[in-house]
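In listed order, ligands and their atoms are each counted from 1. Starting from 1, each residue takes its place in the sequence as its number.
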Amino acid sequence: MSELPRFNAYVNGQWITPSDGRYFETVNPYTAKVWAEVARCTPDDANRAVEAAHAALTTGPWASMTATQRGALVHKLGDLIRDNARELAEYEVRDNGKLLNEMLAQCNYLPQWFYYYGGLADKIEGAVIPIDKPDIFNFTRHEPIGVVAAITPWNSPLLLLSFKLAPALAAGCTLVIKPSEFTSTSTLKLMELVEQAGFPPGVVNVVTGFGAEAGAALVEHPKVAKVAFTGGTESGAYVYQQAAKTLKRCTLELGGKSPNIVFDDAVLDDAVKGAISGIFAATGQTCIAGSRLLVQDGIYDEFVKRLVEFAKSARMGNPMDTSTQVGPVTTPPQYEKILKYIEVAKSEGAEVLLGGGPASGPECGDSKLFVQPTIFGGVHNKMRIAQEEVFGPVLSIIRFKTDEEAVEIANDIAFGLAAGVWTQSIKRALKVSAAIRAGTIWVNTYRAISYLSPFGGYKMSGLGRENGIEGMREYLQTKSVWISTAADVPNPFVMR
Ligand code: NAD
């Protein structure tokens with residue numbers, strides 16, 4: 001019997017062992033040590049969780065709660081997250097190796113999702129429709145969509161879960177969550193807070209394990225009404241196909257290859273910071289990474305010089321250390337993928353301006369997962385390094401001449417998650433923002449996100465929106481109710 005801490009799944013208000021008794025290891029990317037074991041849930045466990053969620057949706061205290069009561073519970077969960085933010089952040093870092101600074105900032109911000117959607121719970125109103133027929137009273141109700149399967153990735157597990165959990169609960173849905181197999185523990189710690197807040201059993205459930213096992217069983221289950229998925233574009237497209245078999249609603253938050261465009265009238269030092277935060281923050285492991293840096297001809301040489309100088313100063317090290325700026329990559333497959341793309345870029349003729357390989361040294365501890373912050377110049381937009389998501393600290397710089405060319409390059413890609421625009425001209429900012437086909441545009445800033453503003457992708461970057469009021473609508477469906485006020489029932493052979 002292993003001495004490691006064991007994490008079980010959370011189903012119907014109980015901590016359950018997996019039905020076939022198997023666990024998998026979770027590894028700290030910085031220490032390279034296995035630090036815990038997590039339940040490897042089977043399709044049977046997933047079915048059990050969906051049945052619990054479905055029962056909680058249709059019978060019992062959650063189903064009969066008022067929207068105000070529901071909102072109060074969601075708000076209370078926000079308070080508990082606020083009080084436990086540091087512990088949650090430490091669980092995140094132990095599993096995904098991202099900087100404690102960043103994970104703490106995220107966990108301190110999470111309560112806002114629960115306050116905002118908790119407040120919104122009892123402000124979702126239907127309408128009385130001035131119907132065009134005599135003796136009919138018609139109104140709409142916005143009802144919870146049903147059981148939600150919330151499937152999350154490893155890069156920001158609790159933030160991306162909160163985008164789903166807070167509005168789904170406020171809407172009256174119940175959930176089965178499947179966190180990434182690389183980062184399950186913070187989501188399980190959150191369940192302790194769900195329990196303390198007083199959510200009835202079955203309202204929130206977690207099955208841990210692998211996408212093809214527990215995850216796929218959720219996507220296929222006929223009693224799951226909606227899949228809220230964040231992950232890679234390839235898995236997202238597959239999940240979408242599987243979900244279509246039972247006509248589930250889907251929100252898909254997928255990959256990106258976002259252009260960060262620096263025009264010749266930009267404040268160069270601001271744009272340098274924007275470019276750095278776009279690619280080296282979070283070790284580049286963020287869907288919104290500004291991984292294609294488009295720089296205008298006239299400032300190209302000066303800008304690239306300043307950028308490389310700044311990037312050279314990035315401190316690698318222990319993510320728990322608050323002075324570290326670049327941590328390890330989260331998973332071995334991701335590490336291999338990044339190194340592969342660095343070789344692809346070299347073979348395509350891109351010029352290495354900084355880094356260009358694995359990193360080692362005392363600052364990397366026992367981890368074998370550090371990659372040097374890498375900058376490629378002379379990239380052409382048709383190269384693979386410009387078209388495919390690397391999800392690591394690898395920046396491709398592309399030169400352009402005119403505004404039209406910048407927009408053309410920005411849009412010449414399958415993705416459309418986000419973009420950055422650096423200029424002092426308001427006309428240029430507005431024109432370019434309108435022309436770029438992406439769900440989020442940042443002007444003279446990068447990586448800003450809020451519970452208040454819709455977030456989501458154009459094109460292959462996804463479907464639907466999270467955050468803001470639009471994020472809540474994704475968990476509701478509209479019912480139209482027709483009530484006759486007529487004295488008698490009219491001719492049954494004529495449609496009214
Ligand atoms: P991934 O697609 O490999 O896995 C994401 C989740 O889906 C995991 O929980 C995984 O177990 C599960 N999964 C995989 N296959 C499944 C299947 N067939 N059925 C059900 N579940 C399945 O992604 P990842 O490597 O964990 O995360 C990195 C990716 O996520 C990147 O592409 C990144 O751009 C994307 N991402 C997108 C956003 C966004 O908001 N658009 C945010 C963060 C990350």
Are Lys98 and Glu92 close enough for a salt bridge, meaning some N to O gap below 4.0 Å? no
Phe210 and Phe24 aromatic centres sub-6.0 Å: yes
SB check Lys223 Glu51 (cutoff 4.0 Å): yes
Every pair of nitrogen or oxygen atoms between ligand 1 and the protein that is under 3.5 angstrom apart - can you list them with their distances to 0.1 Å?
from, atom 1, to, atom 2, distance (Å)
ligand 1, 2 (O), Gly232, N, 2.8
ligand 1, 2 (O), Ser235, OG, 2.5
ligand 1, 9 (O), Thr152, O, 2.8
ligand 1, 9 (O), Lys178, NZ, 3.1
ligand 1, 11 (O), Lys178, NZ, 2.7
ligand 1, 11 (O), Glu181, OE1, 2.7
ligand 1, 11 (O), Gly211, N, 3.3
ligand 1, 19 (N), Gly211, O, 3.4
ligand 1, 23 (O), Gly232, N, 3.3
ligand 1, 25 (O), Trp154, NE1, 3.0
ligand 1, 26 (O), Trp154, NE1, 3.2
ligand 1, 30 (O), Gly231, O, 3.2
ligand 1, 30 (O), Gly232, N, 3.4
ligand 1, 32 (O), Glu389, OE1, 2.6
ligand 1, 34 (O), Glu389, OE1, 3.4
ligand 1, 34 (O), Glu389, OE2, 2.6
ligand 1, 41 (N), Leu254, N, 3.1
ligand 1, 41 (N), Leu254, O, 2.7

Is the closest side-chain heavy-atom distance between Asn260 and Tyr446 below 4.5 Å? yes
Which pairs pass salt bridge (charged side-chain N to carboxylate O under 4.0 Å, His left out) with one or both residues in residues 151-168, sequence neighbours excluded? Lys164-Glu466
On the six-membered ring of Tyr475, is Lys226 placed so that its NZ or CZ lies under 6.0 angstrom from the centre and within 45° of the ring axis? yes
